[in-house]
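Shown next, in structure tokens, is the structure this report addresses.
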Amino acid sequence: MTQDELKRAVGEAAAEYIRPYLEDDSIIGVGTGSTANCFIDALAQHKHLFDGAVASSEASAQRLKDHGIPVYNLNSVSNLDFYIDGADEINEHLEMIKGGGAALTREKIVAAVAREFVCVADESKLVERMGTFPLPVEVIPMARSYVAREIVKLGGDPVWREGVITDNAGHILDVHNLDIPSAIAMEEKLNQITGVITNGLFALRPANVLLLGTQDGVRTIKAS
Ligand code: 5RP
């Protein structure tokens with residue numbers, strides 16, 4: 001199977017995973033990226049079974065609306081049973097690096113509200129140690145150079161993702177060569193830098209379950 005076929009398989013598996021829990025008033029948290037898009041397309045087949053969705057990006061909101069799925073503002077929603085999203089890297093503890101699609105801040109916010117985070121990923125995303133994928137950090141534009149200098153002090157090599165403005169009007173620094181022995185400690189450290197909006201480590205709130213697309217089928221993995 002190609003990587004795209006694995007993504008489609010996990011998107012469909014995620015729609016099946018949540019289907020038994022869908023009720024007339026259910027609102028689903030939906031992530032961003034090519035794997036999340038596969039989930040949106042699969043979810044659309046069940047749109048008569050639930051009320052609507054909250055999206056972690058304008059792009060996902062548009063895709064949901066194109067399928068005729070109502071999209072709610074998170075401020076009008078107090079409970080989300082599920083948040084389904086992809087990852088750039090995920091480890092056995094279901095800690096992740098996210099933000100390759102620059103949607104990390106809204107992704108972290110919607111994930112914070114959800115009771116269960118279901119990560120959907122093809123097998124190339126599962127890693128023993130995180131940090132090969134450059135860690136995205138969203139910053140207030142005027143703080144970009146200051147934050148970059150602070151990240152250099154932590155041992156990383158930040159590169160400005162020029163031309164990218166996030167849905168929150170932020171800039172993105174992609175941090176290469178960062179040693180991440182503890183994802184929780186690094187997430188907390190980066191959060192402390194003034195001017196950082198969000199960093200792409202999802203360790204304080206990891207996924208609850210991983211649906212991993214492999215050549216032998218979709219594996220369901222719970223945090224170890
Ligand atoms: C977007 C994300 C995505 O979940 C991550 O980049 C994975 O994307 P894809 O499913 O396209 O490989 O964090 O900000």
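These numbers come from the heavy atoms of this one structure, side chains and all, not from hydrogens, waters or symmetry mates. Treat the numbers as computed from the prediction; the structure is a model and nothing was measured. As the structure lists them, so they are numbered: ligands from 1, and atoms in each ligand from 1.
Near Asp85, the atoms of ligand 1 lying under 4.0 angstrom from a non-hydrogen atom of the residue are 4 (O). Atoms of ligand 1 found under 4.0 Å from any heavy atom of Gly99, numbered from 1 in the order shown, are 2 (C), 13 (O), 14 (O). Every atom of ligand 1 is numbered from 1 in the order shown, and the set under 4.0 Å from a heavy atom of Gly86 is 4 (O). Set against the non-hydrogen atoms of Thr32, the atoms of ligand 1 under 4.0 Å away are 1 (C), 2 (C), 3 (C), 4 (O). Residue Lys98 has at least one heavy-atom neighbour below 4.0 Å for each of these atoms of ligand 1: 2 (C), 3 (C), 4 (O), 13 (O). Close approach of ligand 1 to Ala103 (heavy-atom distance below 4.0 Å) involves ligand atoms 14 (O). Every atom of ligand 1 is numbered from 1 in the order shown, and the set under 4.0 Å from a heavy atom of Glu107 is 1 (C), 2 (C), 13 (O), 14 (O). Near Asp88, meaning under 4.0 Å from any of its heavy atoms, are these atoms of ligand 1: 5 (C), 6 (O), 7 (C), 13 (O).
With respect to the salt-bridge test (charged N to carboxylate O, under 4.0 angstrom), the residues Glu187 and Lys108 qualify. The pair Arg106-Glu58 counts as a salt bridge, with a side-chain nitrogen and a carboxylate oxygen less than 4.0 angstrom apart.
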Legend entry - Worked verdict on Asp41 versus His67 for side chain to side chain contact (heavy atoms under 4.5 Å, CB included): CA-CA 8 Å; Asp41 297 346; His67 279 298; 2.8 Å; yes
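Using modelled atom types and a 3.5 Å distance limit, the side chains of Glu116 and Tyr17 yield a donor-acceptor pair. Using modelled atom types, one finds no donor on one side chain facing an acceptor on the other under 3.5 Å when comparing Asp4 with Thr2.
Neither the backbone nor the side chain of Ser57 comes within 4.0 Å of ligand 1, counting heavy atoms alone. Residue Ala87 touches ligand 1 through its backbone alone, judged by heavy-atom distances below 4.0 Å.
For the ligand labelled ligand 1, residue Gly31 lies outside the 4.0 Å heavy-atom shell.
For ligand 1, none of its N or O atoms has an N or O atom of Gly33 under 3.5 Å away.
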